[in-house]
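Here is the structure we will look at, set down as structure tokens.
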Amino acid sequence: MNYLEVVLFIVAVVGVIALGIWKSRGEDTHSESKGASDYFLAGRGLTWWLVGFSLIAANISTEQFVGMSGSAANWLGMAIASYEWMAAITLVLVGFWFLPRFLKAGLYTIPEFLEYRFGGIARLAMAIPAIVTLVFVTTSSVIFSGAKFVSEYYNEVPYLSNLTFMCWAIGIFAALYVFIGGLKACAWTDLIWGAALIVGGAIVMWFAFSTLSERSADELILTKVENSQATVEDLEQASPWERFILLNDGTEGEAVAVDGENGSGGKLHMVRPKEDSDLPWTALLIGLWIPNFFYWGLNQYIVQRTLGSKSLAEGQKGIVFAASLKLIVPFVVVIPGILAFNLFSGDLHNSAEKRNNATIERLAEGQVLKVDQAFVETQPETASRILSINAKSSGEGSLIGPEASPEQIALLINDLADKAVKAKPDEKGILAGTLVGYDYDAAFPILVRNLIKPMPWISWFILAALCGAVISSLASMLNSASTIATMDLYANFTGQTNQAVLVKVGRSFVVLFVILAAIVAPMLNKLESIFAYIQEFQGFISPGILAVFIFGFFSPRTPRWFGVVGIVVNAVAYALFKWWLGPLIVEQGWWYSGEMAFLDRMAICFFIVIFTGVLVTLLAPLDKAVDMPVNDQICLESSKGAKLAGSVVIVTTIALYLIFW
């Protein structure tokens, strides 16, 4: 361990957190009349630059640097950037469609809007899943991804290399921070971490391209996508950027995106084939907009910053500023992820092999495993062993010709695993996991470890930015979860109005939630992709809630009971399409690919809820529109400058899509 790096790292993290707590010292959390407002919403006094940087720092954490970089290193490549660039457009629309309504109502929480428009049960129907999602999905995922980064970076250092230890350490540190400072402390530290993250990502990208220019062309050609016509001679004569293009897009852009394993098609395309299991082009039409609008417009963890805006104009300027920063993110997160595979595919394999061996050691009698094609290619002897294990558990033969391709072997292993599971429907845990050829979630940690770790004068800054982002994001998530639990559940059921008491209750929830999230976090290491886990879970919630809010905004005659009906209909529909209808439709050949992508399921469920809303509005419309509360303590004048800047952001986003089409 380099002691200079550690000392500078600790000083930076502690110093920024101390700054945040010091800046929050003016908040009177003990006040009976405004304590909750000061603690949960920073006294509703955040300026545009605090709102903007806070949105970015709250959003971009190791969840992105680990999960999104990992997806980019895998077959998705630049396509995963749609989550960022489409978010830029989403943010602009949220600033002028959603935020005015929320600030006008004077909300503490997003579920609070549902009570005013649809009733108390609708509020609970959103609040309870929101808490579950924040604690067991979002917070636990960020704890895991932060611990994953540190444990991969310090993979030979006692304790720091232990994933479970780091999960608890990060969780406790973040809980102490939010316990003291509240949202205002988060906002001020976000100002530092937001800027540091973008600068740190740019530094990593710079060193990655520098290493790419020095790497042997004979070595790099091994990571070329199959449909690129680039040769060793082409690489030897190319600049770093040209090498990146040749390896991942071909000499004349001939390496188009195709459905298949990593490396089978070009990675520099925003549009994926309709057969793609994660991001088919069909999802860009509707499906991807749903999690985007839900996340940026209705997710308490994010929106809480805008609810604390000094005025509507300040909130809108902050949102548009954040939207402009989102355009930069793929260049410092996604592109380095692609480069990680070009430069360090061997290290990605070594990390996967370590995980695979641990999974195999835990394998019990009768259990089976699935594999990907890359695993068969990189560990053929172990693949043969898994084939025998699956054959024994399924009661089927495992004979396969000596000329069988890795793809055929992988298909047979997985088919035997499916048969073993079907043969014992009443037994749980028959499928013990999936063995992979490369640990893609380790892409960014490995990139930093190889490129930055040897330079302590720089590495401390990268580590501090990433660790600070984790702590800041966790603090914000815990603050948001405790806000919902306190205001939507505790205060709602008890009738407690003393804001000093509400702050104490909120702090108690912080402690409870971080314990639960830290217990769940290490378990996420069994997942193939942390980013896919987060997005898949949101499918049960986000389409229904988004549809309900659309009716709440734009359909004053929709009956109040639709708030609950819409949320429940979506959850049931998504479950049906995930576990029954979707597989049935695919099996019957009625779908255009071999798997129904979760974003397509989201789109289908969204339209089901919209249709339900239209139907109930026509059959049982309200006699009189619901009167919404009005907050006269905040200026609700819109920002003309933000509208102009927002238009520029939208045009720029469209241009980027055309460039990387």
Side-chain angles (χ1 to χ4, degrees), residues 2-27 29 39 42-43 45-65 139 142-143 145-147 149-150 153-154 160 166 169-204 301-302 304-305 308 318 321-322 325 329 332-333 448 452 456-480 510 514:
N2 189 293
Y3 289 101
L4 174 63
E5 174 190 84
V6 173
V7 170
L8 292 173
F9 164 72
I10 293 174
V11 169
V13 173
V14 174
V16 174
I17 290 176
L19 170 67
I21 295 174
W22 177 69
K23 294 297 289 187
S24 69
R25 73 195 188 286
E27 304 302 301
T29 58
Y39 184 73
L46 297 181
T47 53
W48 69 268
W49 39 277
L50 280 174
V51 171
F53 271 121
S54 190
L55 283 170
I56 291 299
N59 166 241
I60 304 176
S61 183
T62 46
E63 175 191 342
Q64 268 70 29
F65 279 96
T139 303
V142 172
I143 290 177
S145 56
F149 177 85
V150 175
Y153 185 85
Y154 290 117
L160 295 183
M166 288 309 306
I170 289 173
I172 291 171
F173 199 5
L176 289 172
Y177 165 42
V178 69
F179 191 93
I180 298 171
L183 182 63
K184 191 169 185 178
C186 294
W188 275 98
T189 54
D190 286 348
L191 175 66
I192 308 297
W193 299 132
L197 274 173
I198 293 174
V199 173
I203 291 173
V204 173
Y301 151 57
I302 292 295
Q304 193 154 338
R305 282 135 176 75
F321 176 52
L325 294 177
V329 172
V332 298
V333 176
V448 173
I452 309 298
W457 285 104
I458 298 175
S459 61
W460 71 268
F461 177 79
I462 307 295
L463 287 174
L466 289 167
C467 186
V470 172
I471 294 169
S472 185
S473 292
L474 285 176
S476 301
M477 291 171 185
L478 292 169
N479 188 48
S480 298
V510 167
V514 77

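Positions are given from 1 along the sequence. A quick note: this is a predicted structure, and the numbers were derived from the prediction, not measured.
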Worked check of side-chain contact (heavy atoms from CB on, under 4.5 Å) between V510 and N479: CA-CA 7 Å; V510 167; N479 188 48; 5.9 Å; no
Derivation of the side-chain contact (heavy atoms from CB on, under 4.5 Å) call for I56 and F321: CA-CA 9 Å; I56 291 299; F321 176 52; over 6 Å; no
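With a 4.5 Å cut-off on side-chain heavy atoms, V199 and I203 count as touching. Residues L8 and F461 are not in side-chain contact: their nearest non-hydrogen atoms beyond the backbone lie 4.5 Å or more apart. Residues V204 and V448 are in side-chain contact: their nearest non-hydrogen atoms beyond the backbone lie under 4.5 Å apart.
To the nearest 0.5 Å, the span separating CG on L55 from CG on L50 amounts to 11.0 Å. In this structure, CG on L197 lies 9.5 Å from CD1 on I462, to the nearest 0.5 angstrom.
Pairing each heavy atom of I143 with each of I170, the nearest pair is O-CD1, 4.4 Å. Between V514 and A175, the shortest heavy-atom distance links the atoms CG1-CB, 3.7 Å. The heavy-atom pair separating A322 from G52 by the smallest distance is CB-O, 3.7 Å.
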